[in-house]
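To keep things clear, I will list the structure first and then write my remarks on it.
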Amino acid sequence: ITQQSTWKDLSSYITDLTISNIQPDLIKYISINTEYDNNTNNNNDVIPNELNFTDIPMKVFNNVSSLLSPEQVTKMNIDKTQTLSNIIKSSYNDNINELLGELQIAFITFIIGEKYESLMHWKNMLMLLTSCEEGINKYVDLYCKFIEVFYNQLRNVPKDMFYDEIIGNNFLRRVLDNFILGISESENVNEGIMKRMKLFRKFLNEYFKYEVYSEEERVIDKISDSSKPENGFTTFEELIEIISRVNQDESWTEVSYISN
């Protein structure tokens, strides 16, 4: 990361408050108004080990939610809007920009510092933000900004990471599936979010050769798919599974990954 414009895009929501909440010493490595310089003496140091990231609860359990019915607990584990609302209020004092700033710090310290802790926090924050069907309409400003932040991050990750069998299949693709399908299949989504999502999907297709189709969007020629193994399905195992389904004349109900 050397271009100043790129650095500003990646750190646009990071403030002194964001840095001080996570780790005051990070100011040595993340300068809000300047770019990251690979030639500075920062290379002689290492990013601090202790980063005080916000705790992101990935599941809601009955033992900590005694006032909730089983149905409510199940809903909260599928649609994490309530969890997001709680975190915005308790951890960010209702300031969505601070949430986005922490997402940016997690990404930067992962990419520059190669910190596993930062990767996991970036992952958890993305999984939370992309699993809030009701939150998309509740937090329009947040999601308009989040799409832009996520776009700037993805265009700065190595392409190998996106296709990595461990990181890609289990993480980035799942996040993108949830987010894209969640917006595509939701009702009355804000026009600004839809416009940004359209551009975001175009970027994914052009940059990563990756697309996700909802049921309404998906038009599949089974015969063509089964006769052209070079069509770019993600893995050989997936291609075998697809051919098997075609041979059994099963309906297509899962997300299709197209990279032709």
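Heavy-atom contacts from other residues, nucleotides or ligands closer than 6.0 Å to CG of Asp94 number more than 12.
Two residues are said to be in side-chain contact when any heavy atoms from C-beta on lie closer than 4.5 Å; Glu102 and Ile14 fail this criterion. Contact annotation: the side chain of Ile147 approaches that of Ile193 to within less than 4.5 Å [non-hydrogen atoms, C-beta and beyond]. In this structure, Tyr210 and Leu176 have side chains that are in contact, with non-hydrogen atoms separated by less than 4.5 Å. Arg196 is not listed as a side-chain neighbour of Tyr143, based on a closest heavy-atom distance of 4.5 Å or more. Contact of the Phe110 side chain with the Glu117 side chain is not registered, since no non-hydrogen atoms from C-beta on lie closer than 4.5 Å. A 4.5 Å side-chain heavy-atom check between Arg174 and Met127 finds at least one atom pair inside the cut-off.
Linking Ile, Leu, Val, Met, Phe, Trp and Tyr whenever their side-chain heavy atoms come within less than 4.5 Å leaves Leu199 and Leu204 in two separate clusters. Hydrophobic clustering (side-chain heavy atoms under 4.5 Å, transitive across Ile, Leu, Val, Met, Phe, Trp, Tyr) groups Phe150 together with Phe203.
Listed here is the closest heavy atom pair of Ser118 and Ala106: CB-O, 3.3 Å. Gln153 and Trp122 make their closest contact through OE1-NE1, 2.8 Å (heavy atoms, listed as atom of the first residue, atom of the second, distance). Here the shortest heavy-atom pairing between Gly192 and Cys144 reads C-SG, 4.1 Å. Here the closest heavy-atom approach between residue Leu10 and residue Ile108 is recorded as O-CD1, 3.6 Å. Heavy-atom minimum distance, Cys132 versus Asp79: CA-OD1, 3.3 Å.
When only modelled atom types and interatomic distance are considered, Asn152 and Glu148 share no side-chain donor-acceptor pair under 3.5 Å. Checking Thr81 against Glu133 by side-chain atom types alone, no donor-acceptor pair falls below 3.5 Å.
Proximity of a side-chain donor or acceptor of Ser20 to a complementary backbone N or O of Leu17 within less than 3.5 Å is detected. Panel note: side chain Asn190, backbone Asn137; no donor-acceptor pair is recorded below 3.5 Å.
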For side-chain contact (heavy atoms from CB on, under 4.5 Å), just list the numbers for Asp9 and Arg155, CA-CA rounded to whole Å, side-chain angles, deciding distance to a tenth of an Å, and then say yes or no.
CA-CA 11 Å; Asp9 288 339; Arg155 70 189 179 95; 2.9 Å; yes
Evaluate side-chain contact (heavy atoms from CB on, under 4.5 Å) for Phe171 paired with Val175, printing each intermediate quantity in order.
CA-CA 6 Å; Phe171 165 36; Val175 162; 3.8 Å; yes
CA sep, side-chain torsions, deciding dist, call: Ser184, Arg201, side-chain hydrogen bond (donor to acceptor under 3.5 Å, both in side chains):
CA-CA 11 Å; Ser184 299; Arg201 293 180 69 170; 3.2 Å; yes
Using side-chain contact (heavy atoms from CB on, under 4.5 Å), reason through Leu126 and Phe179 one step at a time and then give a plain yes or no.
CA-CA 9 Å; Leu126 289 178; Phe179 194 42; over 6 Å; no
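For the atom pair CG (Leu128) and CG (Asn178), the distance works out to 11.5 Å, reported to the nearest 0.5 Å. In this structure, CD1 on Ile88 lies 4.0 Å from CG on Leu84, to the nearest 0.5 angstrom. Leu103 CG to Asn124 CG: the interatomic distance, rounded to the nearest 0.5 Å, is 11.5 Å. Here Gln104 contributes atom CD and Asn97 contributes atom CG; the two are 9.5 Å apart, rounded to the nearest 0.5 Å. Expressed to the nearest 0.5 Å, how far OH of Tyr139 lies from CG of Leu129 amounts to 11.0 Å. Summarising the geometry, atom CG belonging to Asn21 is positioned 12.5 Å from atom CG belonging to Leu51; distances are rounded to the nearest 0.5 Å.
When each of Tyr207, Phe200, Phe107 is tested with Leu154 by the rule side-chain contact (heavy atoms from CB on, under 4.5 Å), just one qualifies, namely Phe200. Of the residues Thr15, Asn93, Thr54, the one that meets the side chain to side chain donor-acceptor pair (under 3.5 Å) test with Glu98 is Thr15.
Using a 4.0 Å cut-off between a side-chain N of Lys or Arg and a carboxylate O of Asp or Glu, Lys145 and Asp141 qualify as a salt bridge.
Under the 30°/60° scheme for interplanar angles, the aromatic rings of His121 and Phe53 are found to lie parallel.
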